[in-house]
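Remarks on the structure that follows.
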Amino acid sequence: MKRVFVLGLAIVAASAAQAEPARVTISGRVDGTSGKSPVYIALWQSDGFLERPVRQVRVESGNVPAFSFAVAPGRWAVSAFEDRNQNGVLDMGLFGPKEPTGFWHPFTAWRKPKFEDVAVLMSRDVRDANISLK
């Protein structure tokens, strides 16, 4: 009986070691900027997508537009835009954004993106979550 109990504890310990981490890191850089304007990088969940970012960072012009977010495992989206007129918001036109923008998981349709279009399931650290602005 003792042997079964010890074996059971070893299995529980091994399962705990293989469980998802409490936090994962999403990091990368933004490509395609002019280097003349600030870049905003936003982290999104499905709740509040494109309305209220979970976090947002501003990278001043002349600096390397890189980012790193520590998040709980789950579905996340990351976007960026170059604020060419420096008003702090992504300006929209009749046919979409007026300023260079992009998502970590590229979106190319001619409609407003949905969270499911650009979200990625995070279960481990990702260090190359690069965004190309267009």
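This one's a predicted model, so the numbers in the text were calculated from it and none came from an experiment. Values reported hereafter were calculated over all heavy atoms of this structure, with side chains retained and with hydrogens, waters and symmetry mates removed.
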Between [X] and [Y], is any pair of side-chain heavy atoms under 4.5 Å apart?
| X | Y | value |
| --- | --- | --- |
| Arg111 | Asp117 | yes |
| Val78 | Phe69 | yes |
| Leu43 | Val71 | yes |
| Pro38 | Gln86 | yes |
| Pro113 | Leu50 | yes |
| Trp104 | Val120 | yes |
| Phe81 | Val30 | no |

Between Phe49 and Val118, is a side chain to side chain contact (heavy atoms under 4.5 Å, CB included) present by the stated rule, with each step listed?
-> CA-CA 10 Å; Phe49 181 62; Val118 295; 3.5 Å; yes
Shortest non-hydrogen contact from [X] to [Y]?
| X | Y | value |
| --- | --- | --- |
| Ala72 | Arg23 | N-NH1, 3.5 Å |
| Ile131 | Ser79 | CD1-C, 3.9 Å |
| Gly102 | Leu133 | N-CD2, 3.6 Å |
| Thr101 | Ala80 | OG1-O, 3.0 Å |
| Arg84 | Glu99 | N-OE2, 3.0 Å |
| Ala42 | Pro53 | CB-CB, 3.9 Å |

Give, for atom [atom1] of [X] and atom [atom2] of [Y], the distance between the pair rounded to the nearest 0.5 Å.
| X | Y | atom1 | atom2 | answer |
| --- | --- | --- | --- | --- |
| Thr33 | Asn63 | OG1 | CG | 10.5 Å |
| Met122 | Arg75 | CE | CZ | 11.5 Å |
| Asp83 | Glu60 | CG | CD | 10.0 Å |
| Trp44 | Phe115 | CH2 | CZ | 10.5 Å |
| Arg124 | Thr25 | CZ | OG1 | 12.0 Å |
| Ser132 | Phe103 | OG | CZ | 13.5 Å |

Treating Ile, Leu, Val, Met, Phe, Trp and Tyr as nodes and any side-chain heavy-atom pair under 4.5 angstrom as an edge, say whether Ile41 and Val54 lie in one connected cluster.
->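 As far as the 4.5 Å side-chain criterion goes, Val54 and Ile41 are connected within one cluster.
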Same hydrophobic cluster for Phe107 and Phe67, using side-chain heavy-atom links shorter than 4.5 Å among ILVMFWY?
->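 No, Phe107 and Phe67 fall in different hydrophobic clusters.
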Ion pair present between Asp47 and Arg52, side-chain N to carboxylate O less than 4.0 angstrom?
->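 The answer is yes: the pair qualifies as a salt bridge.
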Does one side chain, of Glu82 or Ser34, offer a donor that lies under 3.5 Å from an acceptor on the other?
->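 Yes, because at least one side-chain N or O of Glu82 sits under 3.5 Å from a partner of the opposite role on Ser34.
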Regarding Asn85 and Asp91, is there a side-chain donor-to-acceptor distance under 3.5 Å anywhere?
->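 Their side chains do contain a donor-acceptor pair, which is all the 3.5 Å distance test asks for.
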Would you say the side-chain atoms of Arg29 pair up with the backbone N or O of Asp128, donor to acceptor, closer than 3.5 Å?
->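 Absent.
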